[in-house]
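Lettering of chains follows the sequences in order, A, B, ..., and the numbering in each one begins at 1.
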Amino acid sequence: MSNRIGKKPGEWINREATLKFSYEGKDFTAYEGDTISSALWAAGERVLGRSFKYHRPRGVLSSANHDVNVMMTDGIDTNMRGDVVAVRDGMKLEAVNTVGGVKADRNRFVDSISPLLPVGFYYKAFHTPRRFFPFWEKMIRKAAGLGIVNFNFPRVLKRKTTTHCDLLVIGAGPAGLTAALVGADAGLEVTLVDENQYAGGSLTYDRAGASEAASKLSELIGRVKTHQGISLHTASYAAGYYTDHLIPIVGENGITKVRAKAVIVATGVFEQPPVFRYNDLPGVMLGSSAQRLIHRYAVKPFHTGIVVTANHHGYRVALDLLQAGVKVSALIDMRELGEVSVLEEDVVRKGVVVHKGCCVYEALPSKGQMGVAGAVICTYDEATNQANPSNSFTLECDGIAMSAGWAPAAALLYQAGTQMRYDDTTQQFVPAKLPQGVFTAGKVNGAFALEQRLQDGERAGNEVLRYLGKSAPEVNVERHAGSSPSHPYPIVPHPKAKNFVDFDEDIQVKDFVNAAKEGFDNIELMKRFTTVGMGPSQGKHSNMNAIRILGKIRGLPVEKIGTTTARPFFHPTPIGHLAGRGFHPHRLTPMHGWHEEAGAEFTEVGAWLRAAYYHKPDISKQEVIQEEALSVRQSVGIIDGGSLGKFEVHCAEAAEYLERFYAGKFASQAVGETRYALMLDESGVVVDDGVVARLAQDVFYITVSTSNAAAVYREMQRWLQIWKLQIGLINVTGAYGLINVAGPNARAVVGKLAKHSLADSDLPKGGIRETEIAGIAVRLVRVGFVSNLAYEIHVPAGSAVHVWNALMDAGANFGIRPFGTDAQRLLRLEMGNHLVGHDTDGLTNPYEIGAEWAISMDKPFFVGQRSLKIIAKRPVKKRLVHFMLEEGFSGEMPFECNLVMIQDEIKGRVTSISFTRSANRVIGFAYVDPKDVDPGSKFQIRTDSGAIVVATVVKAPFVKLERGA
Amino acid sequence: MPLRLLKFAFSKNHPAPRFFRALEQPKKSYDVVIIGGGGHGLAAAYYLAKDHGITNVAVLERGYIGGGNTGRNTTIVRSNYLTPEGVNFYDASVKIYEGLSEELDLNLFYSNRGHFTLAHTESAMRTMRWRAEVNKHVGVESRVVGPDEIAKACPQLDLSCSGHAPILGALYHAPGSIARHDGVAWGYARGADRQGAEIFQNTEVTGIDVQSGKVAGVHTSRGYIATKKVLSAVAGFTPRVTKMVDLDTPIVIHPLQACVTEPMKPWLNSILVSGSLHVYVSQSSRGELVMGSSLDPYEVHSTRSSLDFVEGLTSHMLDMFPFLSNVKIVRQWAGMADMTPDFAPIMGKTPVEGFYLDAGWGTWGFKATPISGKTMAETIANDRAPEMIHSFRLSRFEDYELTGEKGAASVGH
Amino acid sequence: MKLLHCPMNGTRPISEFVFGGEFRDMPDPEASTDKEWAAYVHNRNGAPGLKKEWWYHGPSGTWFIAERNTLTEEVLRTYLFGQETAA
Ligand SMILES: Cc1cc2nc3c(=O)[nH]c(=O)nc-3n(C[C@H](O)[C@H](O)[C@H](O)COP(=O)(O)OP(=O)(O)OC[C@H]3O[C@@H](n4cnc5c(N)ncnc54)[C@H](O)[C@@H]3O)c2cc1C
């Protein structure tokens with residue numbers, strides 16, 4: 001660990017615990033707490049990755065989660081960011097996106113042909129002649145992309161939690177810490193989050209070779225950690241700002257969704273690189289990155305370095321470097337006047353030569369561009385933003401620290417709807433108008449001096465208190481004084497370019513100039529054409545310079561250029577975190593366990609799981625379905641219909657209500673009688689059907705299809721509110737189980753258990769009685785949907801299993817057999833009953849399915865009636881018919897949704913089709929031309945292969961109606 | 001390396017002309033004013049010039065060109081729709097797309113990937129067959145395939161979807177492709193500009209001057225422009241513009257969201273759509289997974305993002321690809337989808353003479369950019385809509401003759 | 001929006017609600033022409049602004065009206081249908 005220095009106060013590594021890992025086949029050691037980058041840098045490794053486009057060697061840039069060129073794979077995971085991912089013992093790391101290793105990367109040739117790849121090059125070539133494009137595309141796709149995904153990576157289930165608090169403070173730097181304390185001292189419940197491993201923000205690294213920051217840090221942290229009112233979460237970032245102040249906090253173990261009464265955004269700033277030729281070499285890094293290496297990981301960034309700066313911060317960096325034992329051979333200040341403060345005196349006193357009004361014209365690469373060998377310095381004219389290389393001189397060094405300015409970490413503020421303005425004294429976008437409940441403090445708010453930031457935190461904390469209705473003082477914060485923390489144009493032109501603005505995407509200054517030349521001269525178009533800010537770091541180190549460059553090109557001030565939209569996420573967020581555990585809830589009927597034991601295969605119907613059929617050993621699904629259906633035709637079957645929607649309508653105006661809601665008539669319905677009910681929407685489209693039973697003069701009981709039940713009930717409730725009728729509407733879907741016993745022996749089976757006679761005269765077809773089955777009070781309906789003789793038993797859910805078992809016992813002698821929804825579909829088809837949703841689609845009207853009988857146009861009003869009057873004037877384009885294929889049909893079996901054709905014109909389609917053993921025929925429903933609807937008419941179905949099958953229109957039912965015993 | 005890039009290596013001045021002129025002040029009048037500099041408006045300008053020689057045309061864009069839904073869309077191009085009219089129309093668009101890079105001399109990265117609409121239920125399988133049959137009928141290559149064929153095209157897909165929604169089959173549509181959305185807007189803009197049409201960015205239409213039922217001009221942020229013909233091609237802004245001429249339509253605006261991951265090496269070739277899981281995904285030429293979901297459930301005229309969207313989407317993505325747990329989402333965004341009740345567009349003439357409408361593109365309009373430009377240009381030039389877009393006329397609602405594309409677009413695009 | 005105030009149940013997350021579309025007054029079916037009726041059935045006032053909308057709170061089964069700005073997502077007030085003045 002050649003570059004490791006002595007213990008730093010508050011350092012983040014644990015020197016007691018040494019870890020071993022390898023990188024590109026070479027063994028290394030690290031301390032616990034080291035990031036991959038800090039450990040490798042400590043060991044003297046310089047090339048930590050390759051750039052995306054030109055495959056240039058890259059090293060440490062920010063140490064702040066946007067070192068996008070340093071992405072690793074450990075063979076399991078990929079795109080692991082070296083600057084933030086901690087070393088684990090035994091890791092075997094490699095850089096992503098290289099061919100033949102990071103040092104020998106065979107794709108480095110791309111760098112040498114970069115002149116062939118001007119901005120937007122991929123729009124300009126590869127498309128002519130057309131037939132060659134797939135070849136180029138393959139090459140380009142292969143070259144693009146970073147890591148290789150591991151298809152065996154485990155599915156990780158992370159927890160999601162929700163927290164409510166009075167105040168959420170994002171960013172635990174001096175401003176955030178202070179604000180949290182102000183809030184908590186006044187009794188607020190405060191949540192404080194910070195993306196770093198430890199709280200403290202810039203106090204953890206920006207120390208100017210002095211101890212002031214460290215002692216301020218321990219004072220603040222000491223208070224925060226012991227404060228009852230503050231819950232501090234480190235290594236957790238606020239990923240986005242969503243409507244109504246919803247903020248997901250992403251940590252290692254999951255996401256906490258925080259909803260706070262007030263939010264203080266104290267997220268600080270991102271340091272921005274000055275732009276000069278070869279500013280991307282390993283060893284050239286942001287000043288704050290050098291400081292992070294020193295103070296957090298006790299790593300010396302380089303041995304002999306220079307600092308290039310355009311603000312006060314570069315001097316602080318120089319002092320930190322000096323303290324870490326780095327020889328600082330020069331401080332290059334791009335500003336004409338330099339830094340007029342004690343800092344300068346300090347730096348000079350420590351022997352550093354300061355060159356004012358100078359810039360790094362270019363960094364000099366060491367062999368293979370694997371590091372820095374020196375820097376060419378020359379004067380820089382701030383007025384014209386031109387360097388003058390005629391007076392240049394060269395300095396040797398193995399590292400360059402860059403401090404030219406900042407960009408606010410304002411993404412969350414933008415997402416919250418903050419209006420920002422460009423502030424000339426700080427050369428930074430700062431909040432101008434904040435949304436309700438959103439506050440800001442610290443550098444992101446343009447407060448830079450430490451004193452000022454502490455004050456600003458106090459101000460924001462107190463503002464929150466007042467916002468929440470507490471009395472609190474108004475705190476005045478001194479405005480920024482002195483030189484600007486950011487340089488308005490820290491960009492050095494160079495005829496040979498390779499002066500990088502965006503390290504993710506290898507975008508150079510000339511790319512912007514050329515993009516503008518081609519007409520992409522507003523910030524959004526420029527972003528899209530150059531791809532600046534589109535890489536994984538989302539422009540954290542590049543957007544601000546891009547805006548400055550465009551302003552310069554267009555001769556416009558920065559505020560006229562504007563910014564691009566900041567969208568979530570603040571940092572790229574893992575899919576597993578966002579997905580969470582993923583719930584797949586289902587509703588189960590009371591008999592679910594019974595079905596399971598009986599070997600049911602379940603199918604999802606709406607929110608429910610229903611038995612589709614019951615497995616039998618050695619018999620195919622198709623066979624089972626035929627058998628289940630046959631047992632209904634020949635003796636008796638039983639099906640669990642508990643998932644059907646069940647509603648009650650009570651009180652005097654119940655009939656009036658149903659008359660309006662459904663297309664049929666219900667006022668005249670007798671007590672003890674059921675009626676078919678067709679539901680339309682306002683445009684006259686068939687949306688559902690069901691059965692309405694009249695239990696008493698003022699009580700109706702309705703069953704509707706499973707998958708539509710929720711929507712139907714919703715509509716019922718809505719119309720009820722509009723019509724303001726005096727009824728009570730109750731959803732009893734879950735309260736009742738529903739058992740359907742069907743087949744010629746149904747009466748015999750149910751009769752055994754029924755309290756009352758089931759004779760036709762007592763319970764005719766379509767009748768309903770309240771009676772007892774197996775000692776349980778039930779609603780018993782004589783139905784005919786799947787079989788001519790069938791009983792629906794609506795039984796309180798708690799007793800459903802009891803009744804089911806009793807029926808199974810009672811039916812044993814008759815060979816009663818459960819059947820599932822598949823057999824049910826076949827049975828209803830045999831009976832000639834269509835299924836809404838299966839034999840209809842989103843535009844079907846009643847005339848197309850021959851449901852004229854179910855609509856009463858003579859009523860004063862029902863939903864859909866007025867539209868039907870319009871539709872009735874228009875020709876019907878297709879009609880649903882029952883059909884059969886010829887006896888013994890052995891051709892290619894048509895499928896549902898095969899088309900019905902007349903010559904070359906589509907006339908309709910098959911909606912249901914099945915072979916039935918009961919009739920020994922293929923039967924079905926189809927839409928046909930309206931002239932082909934008479935029984936005996938023939939029509940043509942085109943099969944998958946294109947073969948034509950002739951079908952004959954018939955009258956339903958397809959089976960002989962069995963007479964019950 | 002292609003030779004056409006060589007000139008860049010040998011020139012200091014980046015020898016590429018502007019894509020379009022930098023125009024500031026519109027003229028006092030134009031033959032045609034197009035509102036909206038998205039793909040559709042720009043394509044209409046291009047074909048007005050190319051097919052009909054009409055070049056005295058202004059395209060007015062309130063922001064920057066392609067900055068609406070065009071620049072936000074997930075670029076799936078396909079023609080496997082449900083109605084014969086729809087299939088026919090989108091197929092014509094696909095055919096133009098296939099040669100569009102050459103025609104516009106701009107690489108749109110039109111990348112033919114093949115498109116699978118996954119079916120997890122029997123009823124979805126039925127719809128797939130319906131679409132396949134109609135597609136075949138119109139001559140479009142679509143067929144129903146089984147799980148084995150899906151597995152062959154995408155071996156990484158968990159066919160059981162983590163046990164939650166086993167895949168029974170799919171509609172496979174070989175022509176399914178993706179393209180560069182920006183390129184389409186820029187290419188048409190350049191083509192229109194070179195033929196004489198004038199494009200004005202940062203120019204908002206604030207009112208439409210209608211005199212006795214006829215269009216007379218438009219009010220804009222850069223002053224009044226006289227014109228007898230106005231095309232509205234403003235997608236998510238349609239209700240605002242139709243209000244200017246007091247025209248009622250069924251269009252409502254719902255946000256439609258999307259997101260992308262970090263780039264990774266190519267592994268997903270096909271475009272996959274799952275109606276049951278409400279997700280679709282493709283891998284861009286940059287290596288990002290581009291993903292989307294169904295429409296936001298309620299009307300909002302803004303492009304804000306929501307956490308619900310990305311939570312739901314990722315959860316379903318993991319059902320399909322459990323190994324993506326640690327792949328990171330970089331960015332999410334939204335557009336404003338102009339939705340119609342039948343999921344078909346509204347195109348053609350309107351009761352206001354000289355006001356032409358190209359709208360109702362909802363979640364599916366990028367693929368239609370070329371053909372809608374072409375057919376709207378024809379409609380404007382002849383003051384009569386071509387037969388091809390008859391089913392998309394505004395009056396179909398009054399006629400109760402909706403064009404049922406809903407079944408094909410449960411998750412649109 | 002993410003949060004919505006149900007007049008019966010208070011403020012709840014949006015995932016508990018179903019959007020029921022714009023509230024529209026039904027014209028008299030008898031008096032209106034086919035054209036007017038078709039317009040009522042199909043057309044919407046799609047322009048952004050303050051709108052009266054139907055919303056449904058699923059767990060409790062409550063329909064109510066929300067006056068919502070569809071541009072900003074701000075909800076001005078919510079009330080049960082017909083109880084506008086009470087709100
Ligand atoms: C997230 C998302 C994913 C999508 N995915 C797909 C997909 O995979 N496949 C597909 O086919 N479709 C997809 N779509 C739909 C597709 O993007 C759109 O239908 C299509 O781009 C519409 O193009 P356009 O030119 O009509 O509209 P836009 O591109 O939106 O252009 C309209 C323009 O009009 C401008 N404008 C508005 N009002 C005014 C005014 N008053 N004055 C001047 N200018 C004005 C706007 O600024 C805008 O630039 C998707 C949409 C979204 C949002």
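Here A/F529 is the residue among A/F529, A/F132, A/F52 with the most heavy-atom pairs under 4.5 Å with chain B. Per-residue counts of heavy-atom pairs under 4.5 Å with chain A were compared for B/E98, B/R126, B/E262, B/M264; the largest is that of B/R126. Ranked by non-hydrogen atom pairs under 4.5 Å with chain A, the options B/N107, B/T121, B/L402 are led by B/N107. Among the candidates B/W186, B/F109, B/Y110, B/F8, the residue making the largest number of heavy-atom pairs closer than 4.5 Å to chain A is B/W186. Ranked by heavy-atom pairs under 4.5 Å with chain B, the first of A/P574, A/P115, A/S114, A/A516 is A/P574. When A/P495, A/G147, A/P536, A/A143 are compared by the number of non-hydrogen pairs under 4.5 Å with chain B, A/G147 comes out ahead. When B/S284, B/S11, B/G287, B/S111 are compared by the number of non-hydrogen pairs under 4.5 Å with chain A, B/S111 comes out ahead. For the set A/M534, A/H571, A/E604, the count of heavy-atom pairs under 4.5 angstrom toward chain B peaks at A/M534. By number of non-hydrogen pairs under 4.5 angstrom with chain B, the leading residue of A/L525, A/V119, A/T565 is A/L525. For the set B/R143, B/Q201, B/K7, the count of heavy-atom pairs under 4.5 angstrom toward chain A peaks at B/Q201. Of the listed residues (A/K124, A/E137, A/E524, A/R528), the greatest number of heavy-atom pairs within a distance under 4.5 Å of chain B belongs to A/R528. Counting heavy-atom pairs closer than 4.5 Å to chain A, the top-ranked of the candidates B/T314, B/N13, B/T261, B/T303 is B/T314.
Side chain to side chain, A/S683 and A/D681 meet the donor-acceptor criterion of an N or O pair below 3.5 Å. No side-chain donor from either of A/D77 and A/N150 sits under 3.5 Å from a side-chain acceptor of the other.
B/F321 and A/F151 have their aromatic ring centers separated by at least 6.0 angstrom. Taking the centre of each ring, A/Y122 and A/W136 stay at or above the 6.0 Å mark.
Residue B/S123 does not touch chain A at all, counting heavy-atom pairs closer than 4.5 Å. The parts of A/R141 that come within reach of chain B are both its backbone and its side chain, each placing non-hydrogen atoms under 4.5 angstrom from that chain. In this structure, the portion of B/E122 lying under 4.5 Å from any heavy atom of chain A is its side chain and not its backbone. Both the backbone and the side chain of B/P266 come within contact range of chain A, judged by heavy atoms closer than 4.5 Å. Looking at A/T603, there are no atoms closer than 4.5 Å to chain B (heavy atoms on both sides), in backbone or side chain. At a 4.5 Å heavy-atom cutoff, the contact between B/D399 and chain A is made by backbone and side-chain atoms alike. Proximity to chain B (any heavy atom under 4.5 Å) is restricted, for A/P154, to the backbone atoms N, CA, C and O. Contact of A/N79 with chain B is made through backbone and side chain together, with heavy-atom distances under 4.5 Å. In this structure, chain A has no heavy atom under 4.5 Å from any part of B/V260. With a threshold of 4.5 angstrom between heavy atoms, B/S302 does not approach chain A through any atom at all. Proximity to chain A (any heavy atom under 4.5 Å) is restricted, for B/L268, to the backbone atoms N, CA, C and O. For chain B, the nearby part of A/F133 is the side chain; its heavy atoms alone come within less than 4.5 Å. The contact between A/Q538 and chain B is made entirely by side chain atoms (from C-beta outward), counting heavy-atom distances below 4.5 Å.
The environment of A/I148 atom CD1 is sparse: at most 12 non-hydrogen atoms of other residues, nucleotides or ligands sit within 6.0 angstrom. No more than 12 heavy-atom neighbours from other residues, nucleotides or ligands sit within 6.0 angstrom of NZ on A/K877.
Note that the CD1 atom of A/I871 and the CG atom of A/N845 stand 5.0 Å from one another [nearest 0.5 Å]. Taking CG from B/D319 and OG from B/S276, the interatomic distance works out to 11.0 Å, rounded to the nearest 0.5 Å. The OH atom of A/Y123 sits 5.0 Å away from atom CZ of B/R180, with the distance rounded to the nearest 0.5 Å.
Because its NZ or CZ atom is not both nearer than 6.0 Å to the ring centre of B/Y400 and within 45° of the ring axis, A/R874 does not count as a cation-pi partner of that residue.
Inter-residue side-chain proximity for A/I575 and B/L318 is flagged as met; some heavy-atom pair is nearer than 4.5 Å.
Residues passing the side chain to side chain donor-acceptor pair (under 3.5 Å) test with B/Q156: none are found, sequence neighbours excluded. With sequence neighbours excluded, the residues satisfying side chain to side chain donor-acceptor pair (under 3.5 Å) with B/D193 are B/R21.
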Between B/Q257 and B/V310, does a side-chain contact (heavy atoms from CB on, under 4.5 Å) hold up when you go through it step by step? CA-CA 9 Å; B/Q257 305 192 48; B/V310 75; over 6 Å; no

Review point. Please walk me through it: do A/Y927 and A/V900 pass side-chain contact (heavy atoms from CB on, under 4.5 Å)?
Key: CA-CA 7 Å; A/Y927 284 100; A/V900 171; over 6 Å; no

